[in-house]
2 protein chains.
Amino acid sequence: MKRNSRLSGVLHVLLHMAQQPGPFTSETLAKAMDTNPVVIRRVMAGLRELGYVRSEKGHGGGWRLACDLSKVTLRDVYAALGSPSLLAMGNRTESPGCLVEQAVNAALDQAFHDAEALLLSRLGEVTLAMLSEDLRKRLGSRRIHDISAHRA
Amino acid sequence: MKRNSRLSGVLHVLLHMAQQPGPFTSETLAKAMDTNPVVIRRVMAGLRELGYVRSEKGHGGGWRLACDLSKVTLRDVYAALGSPSLLAMGNRTESPGCLVEQAVNAALDQAFHDAEALLLSRLGEVTLAMLSEDLRKRLGSRRIHDISAHRA
DNA sequence: CTTCATGTAACTTTATATGTTACATAATGG
DNA sequence: CCATTATGTAACATATAAAGTTACATGAAG
């Protein structure tokens, strides 16, 4: 999986899960995402803590959606991943003694903060249900979208 | 120097240079920034290409500002660094064959694009002269700010 | 022609996301 | 019971990119 694509990856998994009844094993999901089952479990753990999915062990076990898709936004999913930093750039030092650095930080922080706020706001406007609806439109005529037939 | 803090670092250097007449050797700047002279040269190279600074070799050589600070914005400086990616997150794949991935990408791309545009816009509103003016206010009573007395 | 500065390629280090292995835990079916 | 199948998780390995370092070439000043 490409760098820093957890959000993208998790959404992919959730959307697939919304297309078929579960449960899905970590191995199935991992194959579809071209990654490792452990990675799936790691990423899904955050979602489980917030009650968006459930997991069960043993025969017939695996992952299932456990939330109202119209109530969960992309921002919620992002938060479930631990709210990793959104921006690729940051300040050299956070609490500088140098006044020059303080002046630089003040200017950059303002811009960075605004951009982060906008991004979070946008993510908060999109629910998983909206994504799923968009997907159904894209699927069009095709009746089923089986995860086992996944190709990148 | 912390990760991905080139913009912050370069601005720091430029602001120091605006406080005193030059020239400044890479070594002097490096000490103030607690980094290596070669790193300074590498980063300043982009600025030189765009004519924002000049460098001279030999005795009495070093770096000098070569632009009207009121005409250069933080966005210009960012561009001089090669416009590195602003966001820490991206899509798993750029041109996916999977329709699920396409739906996810479409949603995320919109949000990502808007945030990047806002950030660039904000950076474009701030000139080096404005930063320098802000710095002078912060310096207040202090008459001089000698780079050789730099502390982080 | 020595000294001091930048220019730059090549290499090393470090940070972090991602991937993998190994093993513990729990649920199910015989 | 107990073999099978699943998740849970720690520990380790790999990959990538930023940052730092070394080495040496180039050029200007005294």
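Below, read A as the first sequence line, B as the second, and so on, with proteins coming before strands; counting in each chain starts at 1. None of the values given here were measured: they were computed from a predicted structure.
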Which value, rounded to the nearest 0.5 Å, describes the distance between B/Met44 atom CE and B/Leu14 atom CG? 5.5 Å

OP1, OP2 of D/dA19 versus side-chain N and O of B/Arg6: anything below 4.0 Å? yes

With 3.5 Å as the limit, what N/O pairs link the protein to nucleotides 28-30 of chain C?
from, atom 1, to, atom 2, distance (Å)
C/dT28, O2, A/His59, NE2, 3.4

Under 4.0 Å between a side-chain N/O of B/Arg41 and OP1 or OP2 of C/dT6, yes or no? yes

OP1 or OP2 of D/dA6 less than 4.0 angstrom from a side-chain nitrogen or oxygen of A/Thr25, does that happen here? no

Looking at every heavy atom in both A/Arg41 and A/Trp63, which two are closest together, and how far apart are they? CA-CZ2, 4.0 Å

Separation of C/dT3 atom P from B/Glu27 atom CD, nearest Å, is 16 Å

Here the distance between atom P of D/dT7 and atom CZ of A/Phe24, to the nearest Å, is 12 Å

Nearest-angstrom distance from the residue atom CZ of B/Arg54 to P of D/dA28: 15 Å

Hits for side chain to side chain donor-acceptor pair (under 3.5 Å) against B/Thr73, two or more places apart or cross-chain, chain-then-number order -> B/Asp76

Side chain to side chain, A/Ser5 and B/Asn91, heavy atoms closer than 4.5 Å: no

Given atom CG of B/Asn36 and atom C1' of C/dT14, what is their separation to the nearest angstrom? 15 Å

Identify the heavy atoms of B/Ala80 and B/Leu47 that sit nearest to each other, and give their distance. CB-CD2, 3.4 Å

Near DNA chain D, under 4.0 Å by heavy atom, which residues of residues 44-53 of chain A? A/Arg48

Testing D/dT7, C/dA17, D/dT21 for proximity to the side chain of A/Trp63, the answer is D/dT7

Spacing between A/Leu87 atom CG and D/dA18 atom P, to the nearest angstrom: 16 Å

Expressed as a whole number of angstroms, how long is the span from A/Leu29:CG to D/dT7:C1'? 12 Å

Is there a side-chain polar atom (N or O) of B/Ser5 under 4.0 Å from OP1 or OP2 of D/dA18? no

Surrounding CG of B/Asp34 (heavy atoms of other residues, nucleotides or ligands, distance under 6.0 Å), is the total greater than 12? no

Looking at side-chain heavy atoms only, is the closest gap between A/Asp134 and A/Met130 below 4.5 Å? no

Check: D/dT21 base within 3.5 Å donor-acceptor of B/Arg42 side chain: yes

Evaluate the side-chain proximity of B/Arg136 to B/Gln19: yes if any heavy-atom separation is below 4.5 Å, no if none is. yes

Checking contacts here: which listed nucleotide (C/dA22, C/dT8, C/dT6) is nearest the side-chain heavy atoms of A/Val38? C/dA22

I want to check one thing: is the phosphate of D/dG8, taken as OP1 and OP2, less than 4.0 Å away from some side-chain N or O of A/Ser55? yes

Between CE of B/Met33 and P of D/dT21 the distance, given in whole Å, is 14 Å

Taking atom C1' of D/dA19 as reference, at what distance in whole Å does atom CG of B/Leu7 sit? 16 Å

Verdict with reasoning, B/Arg48 to B/Ser55, per side chain to side chain donor-acceptor pair (under 3.5 Å): CA-CA 8 Å; B/Arg48 184 182 48 219; B/Ser55 63; 3.2 Å; yes

